[in-house]
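Values reported hereafter were calculated over all heavy atoms of this structure, with side chains retained and with hydrogens, waters and symmetry mates removed. Numbered from 1 within each chain, the chains take letters A, B, ... in sequence-line order.
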2 protein chains.
Amino acid sequence: MPPDRVVISDVAAAAGVSPTTVSHALSGRRAVSEETRRRVLKVVGELGYRSSIIAQSLRNQQTNSVAFLVVDISNPYYPTVAQSVHDGLADEGYVSLIGITYGEPATEETMLHNIVRRNVDGLIFQPMSLSPLEIRRIVGSLPLVLITDHEGELHADQVQTNDAQGIAEAVRHLKDRGFTEVGFIGGPDGRSPGTVRLASFRAAAHALGLTVADHWIEHVPFNRDGGREAGLRLLKPADRPRAIVCANDVIAVGLFDAAHDLGLDIPRDVAVVGFDDIEVASMLKPRLTTVRNPARDVGAACVEAVLSRIASGPETPYTVRSLPTVLLPREST
Amino acid sequence: MPPDRVVISDVAAAAGVSPTTVSHALSGRRAVSEETRRRVLKVVGELGYRSSIIAQSLRNQQTNSVAFLVVDISNPYYPTVAQSVHDGLADEGYVSLIGITYGEPATEETMLHNIVRRNVDGLIFQPMSLSPLEIRRIVGSLPLVLITDHEGELHADQVQTNDAQGIAEAVRHLKDRGFTEVGFIGGPDGRSPGTVRLASFRAAAHALGLTVADHWIEHVPFNRDGGREAGLRLLKPADRPRAIVCANDVIAVGLFDAAHDLGLDIPRDVAVVGFDDIEVASMLKPRLTTVRNPARDVGAACVEAVLSRIASGPETPYTVRSLPTVLLPREST
DNA sequence: GTGAAAGCGCTAACAG
DNA sequence: CTGTTAGCGCTTTCAC
């Protein structure tokens, strides 16, 4: 086993040159005679020298790292985004620091502080609790990309999906299929994407003259159990909606559970529409009609945004990238 | 917006003390008079000082970070492990650097080098291509936990699952149900977990006197398409196995696709057993019989192993943690 | 073409 | 109880 930490002065000594020369032989930022360069490289190979990124970071004031703060990796939608972010960043030589916030305000805040303390070069963040201004206050002038539907001043670059469009398509599709009494299972109140989706649902249903009873709107956590419980509440009464739009696919899975428990057939007794198009959606029986949320594109857009911000500095105006969503009609409607 | 980078000397100057005192007032590693401490803390608050972890890392020779190298985050099994690792590490104040290797030898190797250059305090790694010795050569004396079924000298702490046990239960269960002609869809040849699972399958089938034709064994990538293609090859001929064990659930999903395409009923025409118990398993129709692979426990065991190694140093003997697997009989058998 | 010296931000001897 | 000094490993002036 070779000595564990070979540092630049070890290489310099062994090659009979100064650390400066080793640095330049490796980086190519200054001319080094061919002969010296070869000798240095040889010693580097023999000693197994690998420069310390920590030391470089301190000196260069940049770490080649980007943090990605995500709400909840147990929803299959997010690993896809995370993978896309990771791969895009890795291609450009950046490492990703992934943090899971669970949407908790305290967790969001402490993670933000830790990220600043780690001198990351940029941050991609899907906020659930903190406001854009609070975030900016914590991270200073750090390159910041927010994944959010928030309207208005963000103090950050933005990546969003056009959820209203997909939801509108879904509602129209329900009407075309003859479902006129419709309900909605949304996420918790607040800054979650469920809020926008619910608003879009209401607007679309109203525009098309569909019936939406107040008690056909449910707010639950974005998970399978939430969907199941809301489903039970909505479907048990005789007075129930004939179609239900869910704020995401995971909730729809829970709704499938509820329908199964109650012996109800989908779509005969109740139609179901999801949101996200996670892989499971096409594995369910019946296959789930859903709105496709382009996870990989979202990740790629975030990477692109954060890298251009890192390159351009804080002066250039903030950008907004809006990605389309589209309805995928399948068997559950 | 406050000045972006407040450093310790700024605080010292504003509080009228030395940087040393600020450091100690914050860390508590040296007594500081109550009066001074209060003053320093006040200034820290006003200026919004947050110490640089990069600088601390260079000085202290430890980064409070652990790398987690995983094969493929698109298989839902891994996000669960990753989440467990992330949470366990976060609880102890460590940040996780997640890398996705896709099992590529070149990627594994460069990621390993980069990780060393980043001075992480430890590494949790599920190797697919590199051998334990090659890995140890690259990472030097770094605390290293390998997630692998590899038998023999590992030069690292190990976390493994007792796959043989679960597979044996599965095969016995198939026999009990009256399936005597059995096949297997495994992963690619090599260091993948599929190799051990196949060997266990063969051993168990042989011990119980079941029939396993050579062409009922398939090697495919660990994804849905792989399962589908293998399924088509196995199920099309009249001479087909009556039950198929899959090396993981994702492959089993592909097999479901194939059965569906061919108009075959599960379990009447062919029984299916998976491995992992990802959430989808219980959502399929019919619900998938599978061997539960304790993802969260694996993650927790890795965290525990790497942290104790970090605490104990390289001298203490390597440990092996073996986690049980158990069959979950459901509707697909 | 090469080297000496300074400094990134921090902490720990050492000294008082 | 507090401050001065050195140094973690690197890159970049500045000087020759």
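Ser312(B) contributes a side-chain N or O that, together with a main-chain N or O of Ser308(B), makes up a donor-acceptor pair within less than 3.5 Å. When atom types are taken as modelled, the side chain of Arg50(B) and the backbone of Arg117(A) share no donor-acceptor pair closer than 3.5 angstrom. In this structure, His86(B) contributes its side chain and Ser96(B) its backbone to no donor-acceptor pair below 3.5 Å.
Using modelled atom types and a 3.5 Å distance limit, the side chains of Tyr102(A) and Asp87(B) yield a donor-acceptor pair. For the residue pair Thr36(A)/Ser33(A), the side-chain donor-acceptor check at 3.5 Å is satisfied. Side chain to side chain, Thr319(B) and Asp157(B) meet the donor-acceptor criterion of an N or O pair below 3.5 Å.
Here Ser33(A) reaches the OP1 or OP2 of dT2(C): one of its side-chain N or O atoms lies under 4.0 Å away.
Within the nucleic acid shown, Thr36(B) comes within 4.0 Å of sugar-phosphate atoms alone, with no base atom in reach, counting heavy atoms only.
For the pair Glu134(B) and Arg137(B), the salt-bridge criterion is not met [side-chain N within less than 4.0 Å of a carboxylate O].
Here Lys42(A) contributes atom NZ and Arg37(A) contributes atom CZ; the two are 14.5 Å apart, rounded to the nearest 0.5 Å.
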Protein-proximity profile, nucleotides 7-12 of chain C, B/S/- by nucleotide at the 4.0 Å heavy-atom cutoff, equals BBBBBB
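At a cut-off of 3.5 angstrom, the base of dG1(C) holds no donor-acceptor pair with the side chain of Arg37(A).
Here chain A contacts DNA chain D (any atom closer than 4.0 Å to a heavy atom, that is under 4.0 Å), and the contacts span dG9(D) to dC14(D) from 5' to 3'.
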